[in-house]
Amino acid sequence: QVLLVESGGGLVQAGDSLRLSCVASGRTFSSYAVAWFRQAPGKEREFVAGISRSGGSTYYADFTKGRFAISRDNAKNTVWLQMSSLRPEDTGNYSCAAVGPAYPTRNEGNYDLWGQGTQVTVSS
């Protein structure tokens, strides 16, 4: 069983940067594609970014528009989400999720492993 723990969230001002981390327990982390999702109050959870098992392929939601970058280090069992030029609309609870196939999907229903999430709040 792989457990995911996120960290790195916080309260920042518009234009600031944050780096979120998703650390996995277990030795099979490299067998999972990983994605970040976020959920704002009163809104549905949405896909933010995903990365393949090897880290060679990455995928982004349009709203990231080059502001976010996802990366991973399987030796450290960690996936990061670097977020820059943050906006108030980026506020939400950010969760990482893992799925068995080699490549991530944008559909949250495909993921069977989830972390508890880390809160990101961007003030204007």
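All heavy atoms count here, side chains included; hydrogens, waters and symmetry mates do not. By convention here, the first residue in the shown sequence is residue 1.
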Novice: Test side-chain contact (heavy atoms from CB on, under 4.5 Å) on D90 and R67; report intermediate values, then the result.
Specialist: CA-CA 11 Å; D90 293 319; R67 300 183 297 127; 2.7 Å; yes
Novice: In sequence, state the C-alpha distance, the side-chain angles, and the governing distance for I70 and V79, and then conclude on side-chain contact (heavy atoms from CB on, under 4.5 Å).
Specialist: CA-CA 7 Å; I70 189 170; V79 170; 3.9 Å; yes
Novice: To the nearest 0.5 angstrom, please state how far the CG atom of N74 sits from the CD1 atom of I51.
Specialist: 8.5 Å
Novice: Show every ring pair (Phe, Tyr, Trp, His ring centres under 6.0 Å) that has at least one partner inside residues 35-90, sequence neighbours left out.
Specialist: F37-F47, F37-Y111, F37-W114
Novice: Sorted by first residue and then second, give each disulfide (SG to SG under 2.5 Å) pair with at least one member in residues 24-57; sequence neighbours left out.
Specialist: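 For residues 24-57: none.
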Novice: When rounded to the nearest 0.5 angstrom, what is the spacing between CG in N93 and CD in Q116?
Specialist: 9.0 Å
Novice: Grab the two heavy atoms, one from A24 and one from L4, that are nearest each other, plus how far apart they are.
Specialist: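 Here A24 and L4 meet closest at CB-CD2, 3.7 Å.
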Novice: Enumerate the residue pairs fulfilling salt bridge (charged side-chain N to carboxylate O under 4.0 Å, His left out) with a member in residues 71-84, sequence neighbours excluded, ordered by first and then second residue.
Specialist: none
Novice: Please list all pairs passing the salt bridge (charged side-chain N to carboxylate O under 4.0 Å, His left out) test where one or both residues lie in residues 78-87, with sequence neighbours left out.
Specialist: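 Listed once each, the pairs would be none.
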Novice: Main chain of T91, side chain of T121: is a donor-acceptor contact present, judged purely on distance under 3.5 Å?
Specialist: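 Looks like no, no N/O pair under 3.5 Å.
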Novice: Rounded to the nearest 0.5 Å, what separates atom SG in C22 from atom OH in Y94?
Specialist: 15.0 Å
Novice: Looking only at heavy atoms, which two atoms of A102 and A33 are closest? And how far apart?
Specialist: O-CB, 3.6 Å
Novice: Nearest heavy-atom pair of A14 and S124: which atoms, and what distance?
Specialist: CB-CA, 4.4 Å
Novice: Which pairs, with at least one residue in residues 39-64 and sequence neighbours excluded, count as a salt bridge (charged side-chain N to carboxylate O under 4.0 Å, His left out)?
Specialist: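 Every pair satisfying salt bridge (charged side-chain N to carboxylate O under 4.0 Å, His left out) with a residue in residues 39-64: R38-E46, R45-E108.
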Novice: Could you tell me whether the side chain of E6 and the main chain of L20 form a donor-acceptor pair under 3.5 Å?
Specialist: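 Side chain of E6 to backbone of L20: no pair is present.
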Novice: Are side-chain heavy atoms of V48 and M83 found at a separation under 4.5 Å?
Specialist: no
Novice: Might you point out which heavy atoms bring A49 and L81 nearest each other, and give the distance in Å?
Specialist: CB-CD1, 4.1 Å
Novice: What residues, two or more places apart in sequence or in another chain, satisfy side-chain contact (heavy atoms from CB on, under 4.5 Å) together with S84?
Specialist: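 If we apply the side-chain contact (heavy atoms from CB on, under 4.5 Å) test to S84, skipping adjacent residues, the hits are S17, Q82.
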Novice: If we ignore hydrogens and angles and just use 3.5 Å, is the side chain of S123 paired with the main-chain N or O of V12 as donor and acceptor?
Specialist: yes
Novice: Looking at S95 and G117, what are the two nearest heavy atoms and their distance?
Specialist: OG-CA, 3.6 Å
Novice: Following the transitive rule for hydrophobic clusters with a side-chain heavy-atom cut-off under 4.5 Å over Ile, Leu, Val, Met, Phe, Trp and Tyr, establish whether V99 and V34 coincide in one cluster.
Specialist: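 Looking at the clustering, V34 is in a separate group from V99.
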Novice: Under the criterion side-chain contact (heavy atoms from CB on, under 4.5 Å), which of S31, S30, S25 is the partner of T28?
Specialist: S31
